[in-house]
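Accompanying notes for the structure given below.
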Amino acid sequence: MTETPREVFLKLVHGVCEERWADVVDLYAEQTDVSHPFHPLGAPPMLSREALRTHFGGGPQPYQGPTLRRRPTRINVHETTDPEVIVAEFQYEGTVVETGEPFTIPAVFVMRVRDGKIVESRDYLDHLRSAAARGMLAEALDDIRDHHAKGPVADPPGHNGAEPR
């Protein structure tokens, strides 16, 4: 039986927290549309499973920051009138192992799951809190300052601002 959007979402957030990257990537359709609309640098959407593999650390420069122990908390999944679409509110809550510093990263995902695979996701999360948890807040703020000094912010390449399909 095909997994529901709620079940796929729960596998996703638990897989991220447990760093089961291959399992996480397999939750997505081969051709997908995943974006982070609130990314402060206007990151382009990821349109394939391969792009997601790179995003989740399978690229040429894997993550080398502090060790994060996290779990998804305050999960509230809202089903919509479209059986493929859910809106999931939650947060990643955890600790930076090297420092013992706690962190919380709130998030809302709007996901479309078809035949048990994520075909579209709009991931709204607090990128600055994420950077802080990774010890990269100063660099992130410098990047944001440089990015915005170049002029008006536009939609990232490949993003048409269309409503979910």
Quiz item: Mind checking what makes salt bridge (charged side-chain N to carboxylate O under 4.0 Å, His left out) contact with E101, not counting sequence neighbours?
Solution: none

Exercise. Could you walk me through whether E98 and T67 pass side chain to side chain donor-acceptor pair (under 3.5 Å), step by step?
Key: CA-CA 7 Å; E98 290 81 358; T67 308; 2.9 Å; yes

Quiz item: Quick one: are T2 and V113 in side-chain contact, heavy atoms under 4.5 Å?
Solution: no

Self-check item: Any residue meeting side-chain hydrogen bond (donor to acceptor under 3.5 Å, both in side chains) with E18, in chain and number order, not counting sequence neighbours
Solution: R20

Practice problem: Identify the two heavy atoms, one from T32 and one from I118, that lie closest to each other, and give their separation to 0.1 Å. | Solution: OG1-O, 3.2 Å

Self-check item: Residues which pass salt bridge (charged side-chain N to carboxylate O under 4.0 Å, His left out) with R74, listed by chain and number, not counting sequence neighbours
Solution: none

Quiz prompt | Check: V16 main-chain N/O paired with R70 side-chain donor or acceptor under 3.5 Å | solution = yes

Quiz prompt | Side chain H39, main chain L41, donor-acceptor under 3.5 Å | solution = yes

Practice problem: Only counting residues at least two apart or in another chain, list the ones meeting side-chain contact (heavy atoms from CB on, under 4.5 Å) with P83. | Solution: none

Exercise. Please report the C-alpha distance between V97 and L68 in whole Å, then the side-chain angles of each, then the deciding distance to 0.1 Å, and finally whether the side chain to side chain contact (heavy atoms under 4.5 Å, CB included) criterion is met.
Key: CA-CA 6 Å; V97 171; L68 304 180; over 6 Å; no

Quiz item: Which distance, rounded to the nearest 0.5 Å, do you find between the CZ of R53 and the CH2 of W21?
Solution: 13.5 Å

Practice problem: Start with the C-alpha distance between V87 and V77, add both sets of side-chain angles, then the distance that settles side chain to side chain contact (heavy atoms under 4.5 Å, CB included), and finish with yes or no. | Solution: CA-CA 6 Å; V87 177; V77 177; over 6 Å; no

Quiz item: Quick one: ring pair (Phe, Tyr, Trp, His ring centres under 6.0 Å) partners of F109, sequence neighbours excluded?
Solution: F90

Quiz item: If every non-hydrogen atom of P40 is compared with every non-hydrogen atom of H148, which pair is closest and at what distance?
Solution: O-NE2, 3.2 Å

Quiz item: Yes or no on side chain to side chain contact (heavy atoms under 4.5 Å, CB included) for H36 and H127, after CA distance, side-chain angles and deciding distance?
Solution: CA-CA 9 Å; H36 294 103; H127 292 277; 3.8 Å; yes

Quiz item: Excluding sequence neighbours, so at least two apart, what forms side-chain hydrogen bond (donor to acceptor under 3.5 Å, both in side chains) with R71?
Solution: E93

Self-check item: Set of side-chain hydrogen bond (donor to acceptor under 3.5 Å, both in side chains) partners for E3, sequence neighbours left out
Solution: K11

Quiz item: Where do A133 and P66 come nearest, in terms of heavy atoms and distance?
Solution: O-CG, 4.0 Å

Exercise. Measure the shortest side-chain to side-chain distance between H14 and P72 over non-hydrogen atoms and say whether it is less than 4.5 angstrom.
Key: yes

Quiz prompt | From I75 atom CD1 to T73 atom OG1, the distance as rounded to the nearest 0.5 Å | solution = 7.5 Å

Quiz item: Looking at G116 and V8, what are the two nearest heavy atoms and their distance?
Solution: O-CG2, 3.6 Å

Quiz prompt | Passing candidate, side-chain contact (heavy atoms from CB on, under 4.5 Å) with Q91, options V108, V13, I105, T104 | solution = T104

Quiz prompt | Counterpart residues, ring pair (Phe, Tyr, Trp, His ring centres under 6.0 Å), relative to H78 (two or more places apart) | solution = none

Quiz prompt | Ion pair D33/R122, N-O distance below 4.0 Å | solution = yes

Practice problem: Identify, with sequence neighbours excluded, every residue that meets side-chain contact (heavy atoms from CB on, under 4.5 Å) alongside T95. | Solution: none

Quiz item: Taking atom types as modelled and ignoring hydrogens, do the side chains of D82 and T80 form a donor-acceptor contact shorter than 3.5 angstrom?
Solution: no

Practice problem: Kindly write out the residues that satisfy side-chain contact (heavy atoms from CB on, under 4.5 Å) with A140, not counting sequence neighbours, or none if the list is empty. | Solution: A131

Exercise. Please report the C-alpha distance between I144 and H147 in whole Å, then the side-chain angles of each, then the deciding distance to 0.1 Å, and finally whether the side chain to side chain contact (heavy atoms under 4.5 Å, CB included) criterion is met.
Key: CA-CA 5 Å; I144 292 166; H147 179 77; 5.6 Å; no

Quiz item: Say you draw a straight line from OG of S130 to OH of Y92; how long is it, rounded to the nearest 0.5 Å?
Solution: 9.5 Å

Quiz prompt | Residues forming a side-chain hydrogen bond (donor to acceptor under 3.5 Å, both in side chains) with R49, sequence neighbours excluded | solution = E30

Quiz item: How long is the span from the NE2 atom in H55 to the CG atom in L52, to the nearest 0.5 Å?
Solution: 7.0 Å

Self-check item: Closest heavy-atom pair and its distance - D126, R129
Solution: OD1-N, 3.0 Å

Quiz item: Going from CG on L47 to CD on E120, what distance comes out if it is rounded to the nearest 0.5 angstrom?
Solution: 10.5 Å

Self-check item: Qualifying side chain to side chain donor-acceptor pair (under 3.5 Å) pairs with a residue from residues 135-145, counting only residues at least two apart or across chains
Solution: D142-R145

Quiz item: To the nearest 0.5 Å, how far apart are CG in L12 and SG in C17?
Solution: 9.5 Å

Quiz prompt | Considering all heavy atoms, the nearest M111-F9 contact | solution = SD-CD1, 3.7 Å

